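Before any comments, here is the structure.
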Amino acid sequence: MTAQILRGGPLATRIREEIAESIHRLTKMGGEQPSLATVLVGHHPAAEAYRNSIVKTLTRVEIHHRPVDLPAETDPTQFLANIQALNGDPRVTGVLVLMPLPDHLPSDLVLEHLSPLKDVDGITPTNAGRLHMGLPSLRPSTPQGGIELLDHYNIPIASARAVVIGRSNVVGHPLASLLMQRHATVTVCHRQTVDLGSICREADLLAVAAGHPGLVGPEMVKPEAVVLDFGVNVVDGRIVGDVDYDGVRQAAAAITPVPGG
């Protein structure tokens, strides 16, 4: 059996068309063209690859991009000053801080000080709390994209047994909440999980966002499973996911490619 390939291209095309139409209406009514600032501290291949994909999308829908590149040695005071400047700049609609940050910059600097109104990743306590309570909020784009992809391919979520590998505030935690809001039964796994393979083999929906290339192999996937690979890793100059794509596509019912999912 070869898995159905869940490509994001057709869905992305539809969403880009909707965004472009919305921006046209906004500017026609006298509104400002939206602008997204991305903040990168130092150099991190996976983060840079993610930014490149963002820039391509923004260009297609005519959203202005403001790159903010800070040296790896930026201290917490300097970093916080940049965040606060973006918070107060009326020309900036949204802010996305690319992770991971260098070890000397705690993520709390972003969580506690980024304006919830500009928090497009939905990671501030205000947006994360509203999401987990099922209230309207800015939802993290990556897990929300996974939900949209399942809906696009008419893959049922309600009553499904879902396993999420990874508990980050950007993907794992919010994805678990979004799946539970759609009535899936969710198990969240992480690096301390014992016998990960046996848990994964119970999953109807297996979502992997661990930042570990090749973490999930075909022996960890049941034949009926749908596998969502959120991993973005750079290995030997190539972007790969957290799933052994060539192996798992022979075992699962459906899988997202990386890149392209």
Side-chain angles (χ1 to χ4, degrees), residues 1-15 46 49-50 53-54 57 99 121-122 131 139-191 193 196-233 239-261:
M1 181 181 71
T2 300
Q4 177 187 9
I5 308 304
L6 306 178
R7 300 192 184 279
L11 172 61
T13 298
R14 191 197 77 197
I15 293 175
Y50 183 43
S53 69
I54 290 170
T57 297
M99 301 292 181
D121 251 345
L131 170 66
R139 298 186 170 192
S141 59
T142 300
Q144 181 62 35
I147 298 294
E148 295 282 350
L149 197 64
L150 292 173
D151 287 343
H152 179 75
Y153 284 98
N154 297 313
I155 294 171
I157 299 174
S159 301
R161 176 68 187 274
V163 172
V164 177
I165 303 178
R167 51 181 172 177
S168 74
N169 290 324
V170 177
V171 183
H173 271 160
L175 179 60
S177 288
L178 290 169
L179 288 168
M180 283 190 288
Q181 289 171 21
R182 294 286 297 272
H183 310 297
T185 298
V186 181
T187 299
V188 178
C189 300
H190 44 79
R191 66 184 62 193
T193 298
L196 178 62
S198 67
I199 298 174
C200 290
R201 284 189 291 273
E202 298 177 358
D204 304 308
L205 299 175
L206 178 59
V208 192
H212 191 298
L215 175 65
V216 173
E219 73 284 355
M220 299 170 67
V221 179
K222 73 177 184 179
E224 302 85 2
V226 174
V227 181
L228 300 179
D229 188 354
F230 293 93
V232 179
N233 310 283
I239 298 175
V240 299
D242 291 346
V243 174
D244 172 8
Y245 178 75
D246 290 335
V248 172
R249 68 182 295 196
Q250 302 300 322
I255 186 173
T256 57
V258 177

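Please read these numbers as outputs of a predicted model, since none were measured by experiment.
The closest donor-acceptor contact from the side chain of D242 to the backbone of A210 lies under 3.5 Å. With hydrogens and angles disregarded, no donor-acceptor distance shorter than 3.5 Å links the side chain of R182 to the backbone of P156. With T193 contributing its side chain and L196 its backbone, the two residues share no donor-acceptor pair below 3.5 Å.
A 4.5 Å side-chain heavy-atom check between V164 and C189 finds every atom pair outside the cut-off. For the pair I157/H183, no side-chain contact is recorded, criterion being any heavy-atom separation below 4.5 Å from C-beta on. You'll find the side chain of I5 reaches within 4.5 Å of the side chain of Y245, heavy atoms only. With contacts defined as side-chain heavy-atom distances shorter than 4.5 Å, the pair T2/Q250 qualifies. Between K222 and D204 there is a side-chain heavy-atom pair separated by less than 4.5 Å. Side-chain atoms of L6 and L228, non-hydrogen and from C-beta on, do get closer than 4.5 Å to each other. A heavy-atom distance below 4.5 Å is found between the side chains of L131 and Q181. The shortest distance between side-chain heavy atoms of I147 and L175 falls below 4.5 Å.
G166 approaches V188 most closely through the heavy-atom pair O-CG1, 3.8 Å. In plain terms, the two heavy atoms of A207 and F230 that are nearest each other are CB-CE1, 3.9 Å. Of all heavy-atom pairs spanning P218 and V248, the tightest one is N-CG2, 3.7 Å. Heavy-atom minimum distance, G217 versus V221: O-CG2, 3.8 Å. Here the shortest heavy-atom pairing between V243 and D229 reads N-OD2, 3.1 Å. In plain terms, the two heavy atoms of A225 and A252 that are nearest each other are O-CB, 3.5 Å.
The CE atom of M99 sits 9.0 Å away from the CG atom of N169 when rounded to the nearest 0.5 Å. Note that the CD atom of E219 and the SG atom of C200 stand 9.5 Å from one another [nearest 0.5 Å]. Interatomic distance, CG of L178 versus CG of L150, reported as 11.0 Å (0.5 Å rounding).
For H212, the NE2 atom sits in a loose shell: 12 or fewer heavy atoms of surrounding residues, nucleotides or ligands are nearer than 6.0 Å. Shown here is R191, whose CZ atom has no more than 12 heavy atoms of other residues, nucleotides or ligands within 6.0 Å.
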Worked check of side-chain contact (heavy atoms from CB on, under 4.5 Å) between E202 and V163
CA-CA 8 Å; E202 298 177 358; V163 172; 5.6 Å; no
Check the pair V240 / V258 against side-chain contact (heavy atoms from CB on, under 4.5 Å), numbers first and verdict last.
CA-CA 6 Å; V240 299; V258 177; 5.6 Å; no
side-chain contact (heavy atoms from CB on, under 4.5 Å) between R161 and T187, worked out
CA-CA 8 Å; R161 176 68 187 274; T187 299; 3.2 Å; yes
